[in-house]
Protein chains: 2
Amino acid sequence: MGNQHKIPQATAKRLPLYYRFLNNLHIQGKARVSSKQLSDAMKIDSATIRRDFSYFGALGKKGYGYNVEYLLGFFRKTLDQDENTPVILIGVGNLGTAFLNYNFTKNNNTKIEMAFDADHAKVGEIIGNIPVHHIDELEEMMENISVAILTVPVTEAQGITDRLVECGVTGILNFTPARITVPEHVRVHHIDLAVELQSLVYFMKHYPLDDEG
Amino acid sequence: MGNQHKIPQATAKRLPLYYRFLNNLHIQGKARVSSKQLSDAMKIDSATIRRDFSYFGALGKKGYGYNVEYLLGFFRKTLDQDENTPVILIGVGNLGTAFLNYNFTKNNNTKIEMAFDADHAKVGEIIGNIPVHHIDELEEMMENISVAILTVPVTEAQGITDRLVECGVTGILNFTPARITVPEHVRVHHIDLAVELQSLVYFMKHYPLDDEG
DNA sequence: TCGAATTAGTGAATAATTTCACGACATTTT
DNA sequence: AAAATGTCGTGAAATTATTCACTAATTCGA
Ligand SMILES: NC(=O)c1ccc[n+]([C@@H]2O[C@H](COP(=O)([O-])OP(=O)(O)OC[C@H]3O[C@@H](n4cnc5c(N)ncnc54)[C@H](O)[C@@H]3O)[C@@H](O)[C@H]2O)c1
Ligand SMILES: NC(=O)c1ccc[n+]([C@@H]2O[C@H](COP(=O)([O-])OP(=O)(O)OC[C@H]3O[C@@H](n4cnc5c(N)ncnc54)[C@H](O)[C@@H]3O)[C@@H](O)[C@H]2O)c1
């Protein structure tokens, strides 16, 4: 639960990646893996990987590497993969529909439970097994949900955010270009696809031709 | 063109954000803006904003702030907003379709010119004004396109990547979970939506309740 | 069993990024 | 015209992240 002793943020961001990759190795039946192999496959420096793992203690064995099953089990606990995290999605448009059709639970403890939209034509539909409710029902339908995915038009973003926060949401994955304002206890991660595309183009034009992602 | 003198990567990643925000201010008719105002709106420390701008010289005026029109013009040039960058998209599924329906050109110099898919049912369609071709036609249709958006199933990612690189693509925005392998001169930016969601949940559970995105 | 090869873990160095805090100057007010 | 206020640009400090390079432990092949 609490502030898990000083794991650097950069490390924390890589944990889900490690988890998924280990999961794949496990499915493939691999029993062991070295930081060098992980490095090649994930394009992350092997020293960085070892350092990241070391924040959690000595998980490997010298001369051998890491036991995949053990490591996977460890990360499963660390990432709370055993308890499911329910999520709601607001705005069943182009992006929102794509997300509803995607099974996040596959590699993940998260599940989109319901969706909301203002468009009556969409209300009542079931997309990817997820029912779409009218946004007016938000307050009454929400119960113990702390994570929301926001895919409404930019103009609606702040208003919907305020309502979500009011309903007890403390984490928002925001796909709108709006830089929304929230109280201190609410965490927002922005994914700004237009910026990502523009950024890629900028890096291509202005940065030397090699590594990094 | 070339390695624009040592702009830190962290700064470079924020440039498109600044650009879009300044553009909005300009549309709203604002003539001036201070780093403090930008900070409040974009949730980036004002010292960071001033530092970022300072890499390009003295763009502001003490006691006044920044002239929106001037700054916008400056960033337009810096981000090469005058020349259009053509882009292709591979994989017209859930995500791919969402992107085709989105007008990236609105705030952006990028335009998706064509899309490709392996599914004959999709070939010939026009989505968001963008024609969908069969993936077999990739090699013959591609001409002077250096940027690709990859939204195919994970199993296809490496194979398609190899073909794209062969066709001269030097930048890939990769939405598949695959960590694709490319030659040194090709830049890949990964956007891993499942990881982003899982990461948000992890941060909510393990990090103190305040700032940062 | 021995010796070569492998590989984790980590102190220390380096690099990158953010933030503080203040001087210099421009604007605005009175 | 002077004073008060606002705000940039930036050295320096602080923080955060990455990478080097070595030691110690273990494995593996002969
Ligand atoms: N589609 C993309 O590729 C893309 C790319 C970059 C950014 N975005 C951003 O993502 C967001 C969604 O994009 P999209 O293309 O899916 O838009 P969209 O217009 O297709 O979907 C928006 C949905 O939100 C619903 N909506 C409107 N007001 C609402 C409200 N008050 N409450 C609940 N639902 C409401 C609409 O009915 C619609 O279904 C936008 O902010 C857009 O800028 C999208
Ligand atoms: N949809 C999401 O919300 C979501 C979330 C996270 C990750 N992703 C990833 O994004 C990618 C796309 O997801 P999606 O939901 O759009 O999948 P999808 O199955 O809906 O779409 C994939 C499309 O690629 C096409 N395709 C298959 N093989 C091809 C080939 N060789 N050449 C060209 N086209 C080919 C298919 O015909 C299909 O139209 C996947 O890798 C997925 O893991 C998607």
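As the structure is a computational prediction, the values presented were derived from the model and not from experiment. Every chain is numbered from 1, with letters handed out A, B, ... down the list of sequences.
As rounded to whole Å, 17 Å separates atom P of C:dG9 from atom NZ of A:Lys36. Distance, A:Phe56 CZ to C:dA8 C1': 16 Å, rounded to whole Å. For the pair B:Tyr55 OH and D:dG11 C1', the interatomic distance rounds to 12 Å; values are reported in whole Å. When the P atom of C:dA15 is taken as reference, atom CG of A:Asp45 falls 14 Å away, rounded to whole Å. A straight line from NZ of B:Lys13 to P of C:dT17 spans 8 Å, rounded to a whole angstrom. Note: CD1 (B:Ile44) to P (C:dT19) measures 10 Å, nearest angstrom. One atom, CD of A:Gln9, and another, C1' of C:dT17, lie 13 Å apart when rounded to the nearest Å. Per the geometry, NZ belonging to B:Lys43 stands 18 Å off P belonging to C:dT18, to the nearest Å.
For the pair B:Thr110 (side chain) and B:Pro86 (backbone), a donor-acceptor distance under 3.5 Å is absent.
When each of A:Arg32 and A:Thr11 is assigned the nucleotide of DNA chain D with its nearest heavy atom, A:Thr11 is the one assigned upstream, toward the 5' end. In terms of position on DNA chain D, the residue among A:Lys62 and B:Lys62 whose nearest nucleotide sits closer to the 5' end is B:Lys62.
In summary, of the residues considered (B:Met42, B:Lys36, B:Lys43), a side chain to side chain contact (heavy atoms under 4.5 Å, CB included) with B:Asp40 occurs for B:Lys36 alone.
The side chain of B:Tyr64 sits closest to C:dT27 out of C:dT17, C:dT27, D:dT18.
Residue B:Arg50 has no polar side-chain atom (N or O) positioned under 4.0 Å from OP1 or OP2 of C:dC22. Of the side-chain N and O atoms in A:Tyr66, one or more sit less than 4.0 angstrom from OP1 or OP2 of C:dG9. For D:dT19, one of the phosphate oxygens OP1 or OP2 lies less than 4.0 angstrom from a side-chain nitrogen or oxygen of A:Thr48. Residue A:Ser35 places no side-chain N or O under 4.0 Å from the OP1 or OP2 atom of C:dT7.
Contact record, A:Val92 with A:Ala115: CG2-CB, 3.7 Å, taken as the closest heavy-atom pair.
For D:dT19, the base has a donor-acceptor partner in the side chain of A:Arg51 [N/O atoms by modelled type, under 3.5 angstrom].
Summarising the local packing, CD of B:Gln158 is surrounded by more than 12 heavy atoms from other residues, nucleotides or ligands at distances under 6.0 Å.
Side-chain contact check for A:Tyr102 and B:Asn94: no donor-acceptor pair (N or O, by modelled atom type) lies under 3.5 Å.
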